[in-house]
Amino acid sequence: MLTLETLQAFIQAYAARLAELCTVLDDLDNRIGDGDHGTNMARGFRTAADRITGETFADLGALCQAVAMALLASVGGASGPLYATVFMRFAQSWKDCTNVDFEQVARGLASACEGLRARGKAEVGEKTLLDVWTPASEALAAQPDENGMRAAVASATKAALASRDIPATKGRAAYLGERSVGTCDPGSISSAVFFEELADATVGGVTKTSWQT
Amino acid sequence: MLTLETLQAFIQAYAARLAELCTVLDDLDNRIGDGDHGTNMARGFRTAADRITGETFADLGALCQAVAMALLASVGGASGPLYATVFMRFAQSWKDCTNVDFEQVARGLASACEGLRARGKAEVGEKTLLDVWTPASEALAAQPDENGMRAAVASATKAALASRDIPATKGRAAYLGERSVGTCDPGSISSAVFFEELADATVGGVTKTSWQT
Amino acid sequence: MKKLMNQPDQYVDQMLEGIVAAHPKLKRIAGTQVIVRAHPKAKVALVSGGGSGHEPAHAGYVGEGMLDAAVSGSVFTSPTPDQVLSAIRAVDQGQGVLLVIKNYTGDVMNFEMAADLASMEGIAIEKVIVADDVAVENSTYTVGQRGIAGTVFVHKIAGAAAEAGMDLATVKRIAEKVIANVHSMGMALSPCTVPASGKPSFVLGEDEVEIGIGIHGEPGTHRENLRLADEIVDTLLDRILAHSGVVTGDQVAVMLNGLGATPQSELYIAYRRVAERLGAHNIAVHKALVGEYMTSLEMAGFSISLLKLDDELMSLLDAPADTPAYRQR
Amino acid sequence: MKKLMNQPDQYVDQMLEGIVAAHPKLKRIAGTQVIVRAHPKAKVALVSGGGSGHEPAHAGYVGEGMLDAAVSGSVFTSPTPDQVLSAIRAVDQGQGVLLVIKNYTGDVMNFEMAADLASMEGIAIEKVIVADDVAVENSTYTVGQRGIAGTVFVHKIAGAAAEAGMDLATVKRIAEKVIANVHSMGMALSPCTVPASGKPSFVLGEDEVEIGIGIHGEPGTHRENLRLADEIVDTLLDRILAHSGVVTGDQVAVMLNGLGATPQSELYIAYRRVAERLGAHNIAVHKALVGEYMTSLEMAGFSISLLKLDDELMSLLDAPADTPAYRQR
Ligand SMILES: Nc1ncnc2c1ncn2[C@@H]1O[C@H](COP(=O)(O)OP(=O)(O)O)[C@@H](O)[C@H]1O
Ligand SMILES: Nc1ncnc2c1ncn2[C@@H]1O[C@H](COP(=O)(O)OP(=O)(O)O)[C@@H](O)[C@H]1O
Ligand SMILES: [Mg+2]
Ligand SMILES: [Mg+2]
Ligand SMILES: [Mg+2]
Ligand SMILES: [Mg+2]
């Protein structure tokens, strides 16, 4: 179950994790992009976490809307509008709810995927964060319970690592063509961490990957 | 005795020697100046040597005037006007002579020193080529014969090496102040080589220093 | 790489403070990273921007005959939609606003979101997307070509159209004509270092260069050994000419753009070859711009942009401009 | 350091070819390294120059309101007297020629020899020697202060005086007034490499900088650890202010000059501090120039020049100029 408290805790934990992983994500982006994905994500989720600290929100919709706005105003780059879209979709899906069950979480994730596709005009397999979001949200949809959350993390992690072996055809890494093969997509890694922290906040006991470049 | 042939041979030999020493002189100038003294000198004397190759000159005056003009038009920097002045003074001193004895060579050198002082407004001890020209020409004046030529080389070499231990107060190295101590003055080294080659062309058997930075 | 800076997280903010301190004809909208003209004019407004680190782009092109506002993101990071929206609101004079966007996923998404918000507020808004970099083949990678230094020609020419009082549709049509006719390609001799990370964007061997480089420190399409300037120019120019459709008898404008650390002397050495090659093809250079117009921090390298001109573009290109980085009578 | 060049011994020649190819208002005197205006004007003529490697100085300042000719030597090497003489002969319109020389032994000797030869030909010739660098104490070293970026103010202001039709004595007096009132100092974060030698001019550690640098790659007065931009600016500015006699209430022009590889963003970060400091002293900045005006190949670093203005200097500084590197209406 996702509550106002667990979602707040998730934002804080994800912000902290991104701060730790900032250099790893920057380094990955350095190889196949412009070297700022970690800095962008850490800055954005720090802003979002600070924005919601000490605040009370009427429902998950209001909380997610606040996070979306904070991301939109602080990230920039490609990841800003994309992660902001995720939280806007969450806000729509979970409007007026103070807690949601895993079916509703799965619907929120599916809507987020749809939003990401619409915003970024990418398909699965183009070496973008969509490669992670799609299988992970499908895993939860297939089994909307605690185990499904863990399965989502597993497929997110797997997809993030698999992004190493394909060339990018969307985003900045696409300009490198075949030279983008051999490096994991930074947005896919930050997304896998998203699922790790979301699962840890909701179901607990997630073994966190120690991501390396 | 200095003849049209020995002076021509001297120019050729000096040009060749400067080409060999180009990097050494550039490196010295790099440390306490702008790194071009070797390039400047090699370019200038190559031009002068090419200018006089295959030409016949009525007298030493005409030959020295041709060399002066070639240096003036090809060197630039501080060394261009200075070495051009040397050959202009030679041209005045040895006007209408096809050969000169060591007394006349000494007078030519003394006049060159005077020209250098007038042109560069430096005194002995300021870490410029004057530190070499002054004692070397005085050595020949004191003993205007073959041994005097060798004594001139010895004092030129000694003065060039001694330039290492003093700070520059004229020329580009002066901007470094005390930081110029510890590096030989490049113009003093090119001058010492001048005397080595001049003596070798006129009296022969000069042991040439293997100059290092 | 050593940086002349204070705290890395103040880099963009302090740069913007310096820009407005130096140029009294510019001002900054308080609390934003938006630079606008101090004395706005009633006309269609032009807004551009993108990540910082490309100076003088884009704040250096704010002024008479060019932009009305420039929005600066963090270094190499697109600005956020709220910043772009502030710029749009500030410059709209009721005659509409044209956004000049470089074709990067991040820039396009952030500017488009701002455009949507501005439309909702009733502002007439149009956008053009510059995609002049021929290094990346459009066909293979669905992302399309990047926008690089050719963008400055869009600022100049569409800016002159707006300054002349043309309406939004016309200014947009002209901007699109420039975009259709400008082709660029770049190369790097050395990487750059983003202040926040402090690490070089890539590592090149003593004799290596990157061909087909973008302007965000990303590696290029491939790596080669360093060759003579003339040979490098030929590689870029051949490809640009192949894409541009410029032929004998055409009139063009050329930009030989330094990426940051390459001395002007070397830009002119490279331009010499461009002029020689175009001359041999009987392509007339109506105007040449040699210098730093769209940089990548302290990257060494350059790009060539070729703009095919017709009478309309030519007269707008020749119109006066008075901005910190582009002035002509 | 990788260079964008062909043969090193063609470096200057090909650069000059590129300059005249790019700028139709300039032309080169055939067989020389002299750049002159394509359309000379009947007035007192201004000639400057020096070694190459300082681009846009000096050819970039040839044009309306500034120089009539620029003479380029080899990289960092003063041009020879015959080259300077060619320039003088080409630009003299019978109203005399002013030579603007930077204070280096080589430059002074070569330009003076040319002046002597020109006088002998009956040309009215005067010279001024710019010595604006306060890094080197005049008292200790008899060689005097160097001429660095402040020279550009002499070109601008004396150029405006000549363009306005003032006579040789007046133009010289005004140039000397600029020289008396301009003070500069620079620092480097990294060295540069002369094309012919291919070796860096000095080697700095990861955290070291050179303070009191010249513009020929020579080391500075001393070496320090890298500090914050604001602290470095303060070091230079304190010394400049101490030498300049500029006090509260004065009007000044400021040049924040990049030495080659420092991005414009960082020049503006440094300028921000200059503006802040001068503001605190109540010194009014009438005009700020931020950019690359007098470089040292691809050296990273900058210099600050402060020019104290009176009404005469101010109005000449504000006069129009139209040259490749300095344009204003
Ligand atoms: N069109 C797109 N659709 C979905 N995700 C994308 C798209 N383009 C880029 N991304 C994601 O964004 C990440 C890069 O984000 P970031 O580095 O913050 O932005 P930028 O590329 O603007 O510097 C990539 O790793 C990729 O996962
Ligand atoms: N005022 C001077 N009088 C005599 N010799 C000088 C003077 N200034 C410099 N020199 C000599 O010139 C040499 C430098 O020559 P060079 O490097 O060719 O010229 P530049 O200093 O213009 O680069 C110095 O090593 C010094 O010996
Ligand atoms: Mg990135
Ligand atoms: Mg030298
Ligand atoms: Mg980015
Ligand atoms: Mg020199």
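Naming: A, B, ... by sequence-line order, numbering from 1 per chain.
Only the backbone of D/Val75 comes within contact range of chain B, with at least one heavy atom under 4.5 Å from a heavy atom of that chain. Using a 4.5 Å cut-off between heavy atoms, B/Asn40 touches chain D through its side chain atoms alone. Residue D/Pro79 touches chain B through its backbone alone, counting heavy-atom pairs closer than 4.5 Å. With a 4.5 angstrom heavy-atom cutoff, D/Ser201 touches chain B via backbone and side-chain atoms both.
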- prompt: Going through the checks in order, is the side-chain contact (heavy atoms from CB on, under 4.5 Å) test met by D/Thr105 and B/Arg172?
  reply: CA-CA 7 Å; D/Thr105 316; B/Arg172 214 179 276 284; over 6 Å; no
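Taking D/Gln83 as the reference, nothing meets the side chain to side chain donor-acceptor pair (under 3.5 Å) condition, with sequence neighbours excluded.
Between B/Asp27 and D/Lys199 there is a salt bridge, with a side-chain nitrogen of the basic residue lying less than 4.0 Å from a carboxylate oxygen of the acidic one. Salt-bridge check for B/Arg179 with D/Glu210: passed, with a basic side-chain N closer than 4.0 Å to an acidic carboxylate O.
Surrounding NZ of B/Lys95 are at most 12 heavy atoms belonging to other residues, nucleotides or ligands under 6.0 Å away.
Side-chain contact between D/Pro219 and B/Leu176 is present, with at least one heavy-atom pair separated by less than 4.5 Å. Side-chain contact between D/Glu112 and B/Pro81: absent, with no pair of heavy atoms (C-beta onward) separated by less than 4.5 Å.
Between B/Leu72 and D/Asp82, the closest heavy-atom pair is O-OD1, 3.9 Å.
Rounded to the nearest 0.5 angstrom, D/His216 NE2 and B/Asp29 CG are separated by 11.0 Å. With rounding to the nearest 0.5 Å, the separation of CE in B/Met88 from CE in D/Met113 is 4.0 Å.
With hydrogens and angles left out, the side-chain atoms of B/Asp36 and D/Thr77 include a donor and acceptor closer than 3.5 Å.
Judged by a 6.0 Å distance limit and a 45° cone about the ring axis, B/Arg31 is not positioned over the six-membered ring of D/Phe202.
Of the listed residues (D/Gly217, D/Pro81, D/Ser197), the greatest number of heavy-atom pairs within a distance under 4.5 Å of chain B belongs to D/Pro81. Per-residue heavy-atom pair counts under 4.5 Å with chain B were compared for D/Gly50, D/Gly73, D/Gly51, D/Ser74, and the maximum is reached by D/Ser74. Ranking B/Gly171, B/Ala173, B/Gly35 against chain D, the residue ahead of the rest is B/Gly171, based on heavy-atom pairs under 4.5 Å. Between chain B and the residues D/Ala135, D/Pro191, D/Gly220, the largest count of heavy-atom pairs under 4.5 Å involves D/Gly220.
For a heavy-atom cut-off of 4.5 Å, chain B lies close to no residue in residues 296-306 of chain D.
With B/Asn30 contributing its side chain and D/Pro200 its backbone, the two residues share a donor-acceptor pair below 3.5 Å.
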